[in-house]
Amino acid sequence: MKIAFVGAGSVVFTQGLLADLLAFPEFADVHIALHDIDQDRLATALAAARHIAQVRGATPAITAHLERRPALDGADFVINIVQVGMGEATRTDFEVPARHGLRQTIGDTLGIGGIFRALRTFPLLRGLGADMAEVCPRAWLLNYTNPMAMNVQYLAEATGLTRVVGLCHSVYWTMRGLADLVGVPYEEIVYRSAGVNHQAWILRFEHEGVDLYPRLAELAERDPELRRRVRFDMFRRLGFYPTETSEHSCEYVPWYLRHDSEIERLRVPIGDYLGIVAANEADYERTRSALAMGEPPAVEGTMEYAPQVIHSIATGVPRTVYGNVPNHGLIPNLPATGAVEVPCLVDATGVQPTRADPLPPQLAALNRAYLSVTDLVVRAAVEDEPRHIRHAAMADPATAAALPVEAIWRLCDDMVIAHADRLQPGLRAVLASEVRPG
């Protein structure tokens, strides 16, 4: 069996996935194909992979490829962990909007940061889809690259690939955290979530048939510090807990980032992701130096979904994971073409999404606003229509709350200029002075 890593130079993430994969005895002799366009990062990933295999007592074939097609050739699974532009592009995503007075915290899902992260990723996804169709047409593409919903919808519409599932750990770690809060072992809780990536909702949260939401609400009522989290503020007002951190959740609604008082009340960390980027870069440098000096880091598992999905498909052992897939009626009151996050059954037949009941109306309303932005970004790329970039920014809840419409268009122009070389040619137009009907 061959497993290809696209963007393997994301070394710390690659290490965690490999530690999980090679912990399965069935995968002791798989072929791991690592691909990255950065030669230094690829060499570091290769050294880390060899070390992990040794620690795990596995003997996989490990190959490294600067070119993508040889890495993909004959693959059974492709794990996409690419970040186009790396830290430099992410800093641009924050610095340019900040000059226009727009606040962001994470900037990888919605908002100006999410829009342009998607637009610079889409050309890579198109090429990846074309290569897979030719050299590994039966492979499963397991996507970790954000913005998840935009990327999954684009893959479905622009590449023709059907064996695609987007994987994210937010539901799992949310439930781990909630189990700790209410004092119930994670293994004993029963839960169900549905919605969109980074804005799904915990619809069921039980222990031995007892609803745990009242206990969670009581904890928040007693603890003023819990009430100073965006997630708990949303829970108190909407009745359901969101599946991503407060830093994420505040960006997908219009209520928080616009107001100094809300930023203070809920301790919203503006620009938080810039610190994460710096920490990731420092982690990479430490890992590279440690491997070069013969002092490799400890091998630690991550509980990520991709190794579990691969194991279930390869062995038939059934599991349930949360996956991001085209809706197609899975959540009836969300748009059919949008990408939704639902429980998926995984076994030898593949990944099978499960249907959810209609979401409560207040939750569906927020998810529909999210998916409206997502759809406009995909439309911009698929139709090669640069005006849809501006339409997406105008529809984005946090951006629209913060800036007047003319400022949104000027900001989009500045972002297009800043990222021009990474965008498909038809989307590089500067349009602030061109406002026309149609």
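- Between the Gln104 side chain and the Gly113 main chain, a donor and an acceptor come within less than 3.5 Å of each other.
- A distance-only check finds no donor-acceptor pair linking the side chain of Asn324 to the backbone of Met148 [under 3.5 Å].
- Judged by distance alone, the side chains of Glu244 and Thr109 never bring a donor and an acceptor atom under 3.5 Å apart.
- A distance-only check finds no donor-acceptor pair linking the side chain of Asp272 to the backbone of Ile276 [under 3.5 Å].
- Residues passing the side chain to side chain contact (heavy atoms under 4.5 Å, CB included) test with Arg237 are Asp233, Arg265, sequence neighbours excluded.
- Listed by first and then second residue, the ring-ring contact (aromatic ring centres under 6.0 Å, His included) pairs that reach into residues 224-250 are His198-His248, Tyr213-Phe235, Phe232-Tyr241, sequence neighbours excluded.
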task: Check step by step if side-chain contact (heavy atoms from CB on, under 4.5 Å) holds for Tyr322 and Tyr305.
output: CA-CA 8 Å; Tyr322 277 82; Tyr305 283 142; 3.8 Å; yes
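- Taking the side chain as every heavy atom from C-beta outward, Asp413 and Arg390 approach each other to under 4.5 Å.
- Residues passing the ring-ring contact (aromatic ring centres under 6.0 Å, His included) test with Phe94: none are found, sequence neighbours excluded.
- Pairs engaging residues 147-171 under the salt bridge (Lys or Arg N to Asp or Glu O under 4.0 Å) rule: Glu157-Arg379 [sequence neighbours left out].
- Of the possible polar contacts, one joining the His35 side chain to the His65 backbone as a donor-acceptor pair under 3.5 Å is found.
- In terms of modelled atom types and a separation under 3.5 Å, the side chain of Thr105 and the main chain of Gly271 share no donor-acceptor contact.
- Identified under the salt bridge (Lys or Arg N to Asp or Glu O under 4.0 Å) test for residues 80-100, with sequence neighbours left out: Glu88-Arg422, Arg91-Glu281, Asp93-Arg120.
- Applying the salt bridge (Lys or Arg N to Asp or Glu O under 4.0 Å) rule to pairs touching residues 247-260 yields Arg103-Asp260, sequence neighbours excluded.
- In this structure, Lys2 contributes its side chain and Leu72 its backbone to no donor-acceptor pair below 3.5 Å.
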